[in-house]
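Let me begin by presenting the structure, written as C-alpha cells, before commenting on it.
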Amino acid sequence: MIAPKVMILSMFSDEADVWYNIAEFNVLARNISVPGLSPLYPQVHCTKDGSICQLTVGEGEINAASSIAALVHSPLTCLTHTYFLLAGIAGVNPKVATIGSVTFARYAVQVGLQYEIDAREIPANFSTGYFPQDTTAPGQFPTTLYGTEVFEMNEALRQLAFAAAKKAKLVDSPDAQQMRMQYAASPIFAPPNEVGPSVVLCDTATSDTFWSGALLGEAFENTTKVFTNGAGVYCTTQQEDNATLTALLRGALSMLVDFSRIIVMRSASDFDRPPPGQSAVDQLLGPAPGFEPAILNLHVAGVEVVNMIVDAWPSTFKDGIEPTNYVGDVFGSLGGDPEFVPASAS
C-alpha cells in the first residue's frame, strides 16, 4: 500500500513527462498498477520511499473523475494525509495573466454546467447564449444545483503554495514574448502582458468544450463572478479540475481524503481570446508558443511546492494546514457554510 505525502496529478503525457527523470526526486522508482485507472495511464508512479507519487488521469471530465475515483477507493492506496497537487496547463484570460504564468486557484467553477443556446438563436436582450440552469437569463445564480458548480480550496494552503512557487525562476521563450507583445499593445490586456510570466492568484473554469474568443471569455468571466457571488477571478480554462475535485470530495465524505489538502495549479499555455485584429478561429488554430514554457513551468514552480511539503512535513504539513475559509462544494457537504451561495439558493 502507498501512502504518499504528495500526489501530483497530470492530465496527459506532456504534463506528466516533466516529472520524470528530474534531479529533485525519482517518481519512476516504483510503478504501481491500480485497477480502474485510464487504459493509457494504468500506473501510479512513486519515489522509492513512497513519499511523492504522480498519476496521469487522462484528459476531460469523465477521465479525470473515473481515474481519481479508482485511485481513492483502491485498497492499494491510503490517501488520508496526502496533499494533492493538480498540475496542468490551461488557457488564460489575458486581462489577468499571460502565457507561461503559473496560477493558483481558490475557486474552481464548472462553467459548462449551464443552459446553452446556439449563437445564431440568442435573444436580442441576451449578452450570451450561456445562462445558469433553472434561470431565465444570463447573470442569475442557478436555482437548481448539481453540487459540482463551484469548489473552494483551502486559502491558507494556497498562500503557502503561492509563496513557494514565487521562488522559482519561470521559463520563457522568444516566441512567447513575441505573442505576448500583441496583447500588451491593447490597454485592456496590457498590464499582465507587459512583463514575462509570473505566479498569480486567480481562479479556474472547467468545461469539456475548448472555447476561444472574447465573447465567450467575457461570458465565462461573468459566470465565474455569478457562481462565486462576486469573489472569483476567472483567469484559466481547463477540462478536468471540477471533475477531479468532485471525486476527491466524494473520497473526503468517505474519510479517505482530506479535502483541505488540495492545491489547484495551472500554467498558462495559450490565450482564451485573440489579440486586437485577429479572429477567434485564427487564434484558436494558430501557433501556441506558450505551450512549451507552460509545460516546463509546471515542474519549475511545482517542484518548489512539492519540496516545501516534504521538507517541512513533521513541523508544518503532517497534521494539515488549518483552513481560514470555507472549504468544499456548493452544498456544504463537508460542513461549514459556502458563502458564495446566495441565501435564496440555499
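If you read the sequence from its start, that first residue is 1, and numbering goes on from there.
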Using 0.5 Å steps for rounding, measure from the [atom1] atom of [X] to the [atom2] atom of [Y].
{"X": "Leu201", "Y": "Gln159", "atom1": "CG", "atom2": "CD", "result": "5.0 Å"}
{"X": "Phe259", "Y": "Leu248", "atom1": "CZ", "atom2": "CG", "result": "6.5 Å"}
{"X": "Phe104", "Y": "Lys166", "atom1": "CZ", "atom2": "NZ", "result": "11.0 Å"}
{"X": "Leu157", "Y": "Ser260", "atom1": "CG", "atom2": "OG", "result": "7.5 Å"}
{"X": "Ile295", "Y": "Ile89", "atom1": "CD1", "atom2": "CD1", "result": "4.5 Å"}
{"X": "Tyr83", "Y": "Lys5", "atom1": "OH", "atom2": "NZ", "result": "11.5 Å"}

Using modelled atom types only, decide if a donor and an acceptor are shared between the side chain of [X] and the backbone of [Y] within a distance under 3.5 Å.
{"X": "Thr98", "Y": "Asn193", "answer": "no"}
{"X": "Thr47", "Y": "Ile52", "answer": "yes"}
{"X": "Asp241", "Y": "Thr206", "answer": "no"}
{"X": "Asn93", "Y": "Tyr234", "answer": "yes"}
{"X": "Gln238", "Y": "Ala205", "answer": "yes"}
{"X": "Arg180", "Y": "Gly196", "answer": "no"}
{"X": "Glu240", "Y": "Gly60", "answer": "yes"}
{"X": "Glu149", "Y": "Gly147", "answer": "yes"}
{"X": "Thr209", "Y": "Trp211", "answer": "no"}
{"X": "Glu304", "Y": "Ala165", "answer": "no"}

Quick one: does [X]'s side chain get under 4.5 Å of [Y]'s, heavy atoms only?
{"X": "Gln54", "Y": "Ser10", "value": "yes"}
{"X": "Met153", "Y": "Tyr107", "value": "no"}
{"X": "Phe317", "Y": "Val6", "value": "no"}
{"X": "Leu253", "Y": "Ser333", "value": "yes"}

Check: Tyr130 ring centre within less than 6.0 Å of Phe220 ring centre: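 Ring-ring flag for Tyr130/Phe220: true, centres closer than 6.0 Å.
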With a 4.5 Å cut-off on side-chain heavy-atom distances among I, L, V, M, F, W and Y, is there a chain of contacts connecting [X] to [Y]?
{"X": "Leu245", "Y": "Phe340", "value": "no"}
{"X": "Val109", "Y": "Leu113", "value": "no"}
{"X": "Leu40", "Y": "Trp19", "value": "yes"}
{"X": "Val96", "Y": "Val111", "value": "no"}
{"X": "Phe151", "Y": "Phe162", "value": "yes"}

Counterpart residues, salt bridge (charged side-chain N to carboxylate O under 4.0 Å, His left out), relative to Asp270 (two or more places apart):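 For Asp270, no residue satisfies salt bridge (charged side-chain N to carboxylate O under 4.0 Å, His left out) once neighbours in sequence are set aside.
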Residue pair [X] / [Y], side-chain donor-acceptor N/O under 3.5 Å:
{"X": "Ser173", "Y": "Glu292", "answer": "no"}
{"X": "Tyr146", "Y": "Gln133", "answer": "yes"}
{"X": "Gln182", "Y": "Gln278", "answer": "no"}

Heavy atoms from other residues, nucleotides or ligands near CD of Gln43 exceed 12 (cutoff 6.0 Å):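 Counting neighbours around CD of Gln43, more than 12 heavy atoms of other residues, nucleotides or ligands fall under 6.0 Å, so yes.
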Met1, CE: over 12 other non-hydrogen atoms inside 6.0 angstrom: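 Yes, the 6.0 Å shell around CE holds more than 12 heavy atoms from other groups.
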Residues Met308, Lys167; criterion side-chain contact (heavy atoms from CB on, under 4.5 Å); working and verdict: CA-CA 11 Å; Met308 171 189 70; Lys167 298 176 184 177; over 6 Å; no
His45 and Tyr20 aromatic ring geometry - parallel, tilted or perpendicular at 30°/60° bounds: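 Perpendicular: the ring planes of Tyr20 and His45 meet at over 60°.
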